[in-house]
2 protein chains.
Amino acid sequence: MNNSVDAPTPPFVPNYLLYLLAAASEAASERFHAHVRSKGLRVPEWRVMACLIDTDGSMVTELARYAMIEQSRLTKIIIQMDTRGLVSRRSDPKDGRRVRVFLTPQGRALAEELVADARIDEQELLKSFQGGQGDHIKDTLRALIWHLESGDLKQG
Amino acid sequence: MNNSVDAPTPPFVPNYLLYLLAAASEAASERFHAHVRSKGLRVPEWRVMACLIDTDGSMVTELARYAMIEQSRLTKIIIQMDTRGLVSRRSDPKDGRRVRVFLTPQGRALAEELVADARIDEQELLKSFQGGQGDHIKDTLRALIWHLESGDLKQG
DNA sequence: CCAGGAAACATGAATTTTCATATAAATCTT
DNA sequence: AAGATTTATATGAAAATTCATGTTTCCTGG
């Protein structure tokens with residue numbers, strides 16, 4: 001007979017990939033998201049503005065994919081941002097169904113300021129994350145995203 | 001004079017660490033989260049159950065940290081889950097302020113089923129992600145989380 | 001040209017989430 | 001040991017999100 005105690009079963013959550021991804025995303029974003037809110041924007045609004053810095057004038061559906069926001073939700077966010085003067089909406093002359101979204105001068109000024117802040121924040125995160133490791137994490141994440149989006153992993 | 005066109009400015013968003021983390025989390029979770037919903041649970045409810053598999057009987061505040069859900073929101077989720085018979089709430093006899101949350105037998109059965117499914121899903125993700133790379137990503141994420149939570153990166 | 005269908009957005013009602021604060025129990029202070 | 005603080009959870013109203021579906025515009029074959 002064996003008197004020794006069993007090794008405790010290891011916990012599930014802290015070793016689960018989807019938890020690690022969500023926790024890493026949250027932890028890494030916390031500080032900058034607080035900064036965004038201090039500037040009077042909610043995080044989804046900041047995401048819209050960051051996307052528009054890259055692709056000003058894109059249509060709502062494109063923006064929804066790029067910013068990872070569901071379409072009807074994005075529509076409502078954009079309407080609010082329009083009201084606040086951060087973006088303007090114009091229907092596409094070539095296709096009346098499409099609504100193209102543009103940064104206003106005011107919106108662009110804020111967006112550029114925040115993108116600059118975001119770059120600094122990112123550099124601080126990466127450089128504090130011991131030399132070189134920092135570079136690799138972005139590559140790893142890009143590879144993971146590419147793998148997940150392309151392969152579709154057997155259409156379960 | 002130089003006739004050559006400038007190289008286009010590289011886009012910000014697709015190379016931004018916080019975007020990569022959020023996008024990786026979303027892409028990796030999509031399939032399993034759909035599975036969770038097909039079982040009649042919303043994602044935050046699944047998170048609560050997964051946490052309780054590890055730490056049944058924990059108090060609301062602990063659970064909130066572990067499941068990354070804000071406290072007052074968690075309270076409401078737990079009340080719903082209690083009503084549905086997935087968990088039960090008992091006030092701690094040692095400290096009347098605390099509410100300890102337990103899986104019911106029915107809740108535990110569902111939680112165990114989903115944890116098993118989650119393990120399978122995770123294995124499929126990792127093994128499809130070319131040999132060995134899979135292992136490393138979890139280590140990288142753990143390191144990042146540990147770094148972010150411990151260091152606090154200068155108290156900006 | 002027209003009917004049918006698809007694509008792009010908008011909308012409304014039900015539900016959730018957020019934020020500030022209330023309540024209640026434990027702990028500290030003097 | 002009474003009062004002041006802190007900790008734990010609950011609550012309510014305002015705001016945001018979700019989901020299904022409506023509306024408008026475009027496209028396609030006959």
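Chain letters run A, B, ... following the sequence lines, proteins first and then strands; every chain starts at 1.
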Integer-rounded Å distance: C:dA6 C1' and A:R98 CZ: 13 Å

Sugar-phosphate, base or nothing in reach of B:E62, heavy atoms under 4.0 Å: nothing

Closest-nucleotide ordering on DNA chain D, the 5'-leading residue of A:P93 and A:E45: A:E45

Charged N-O contact under 4.0 Å between B:D56 and B:R100: no

Electrostatic pair B:E45-B:R42, nearest N-O below 4.0 angstrom: yes

Between A:H136 and B:T140: side-chain donor-acceptor atoms closer than 3.5 Å: no

Between P of C:dT17 and CZ of B:R47, the distance in whole Å: 11 Å

Donor-acceptor pair under 3.5 Å, B:R97 side chain vs D:dT7 base: yes

Whole-Å distance separating the CZ atom of B:R73 from the C1' atom of D:dA16: 12 Å

Which nucleotide in C:dT16, D:dT25, D:dT9 has an atom nearest any side-chain atom of A:D95: D:dT25

Selected nucleotide, minimal atom distance to A:R89 side chain, candidates C:dT18, C:dA10, C:dT16: C:dA10

B:D117 side chain to B:H35 side chain, donor-acceptor N/O pair below 3.5 angstrom: yes

Position toward the 5' end of DNA chain C (nearest nucleotide), A:S72 or B:K94: A:S72

Distance in angstrom units between A:R100 CZ and C:dA10 P, rounded: 13 Å

Separation of D:dA10 C1' from B:L63 CG (nearest whole Å): 16 Å

Salt bridge flag under 4.0 Å for residues B:K94 and B:D92: no

hbond_proxy B:Q71 side chain to D:dA10 base (donor-acceptor, 3.5 Å cutoff): yes

Nucleotide nearest A:T61 when distance is taken to its side chain, options C:dT18, C:dC9, D:dT7: C:dC9

Side chain of A:M59 - closest among C:dA8, C:dT18, D:dA16: C:dA8

Nucleotide of D:dA10, C:dA8, C:dT16 approaching B:T75 most closely (side-chain heavy atoms): D:dA10

Residue B:R42, side-chain atoms from C-beta onward, closest of C:dC9, C:dT16, C:dT11: C:dT16

Closest nucleotide among D:dT6, C:dA10, D:dC19 to the A:K76 side chain: D:dC19

Value in whole Å for how far the P atom of C:dA24 lies from CG of B:D92: 19 Å

Separation of atom CE in B:M81 from atom C1' in C:dT15, rounded to whole Å: 17 Å

Integer-rounded Å distance: C:dT11 C1' and A:E70 CD: 12 Å

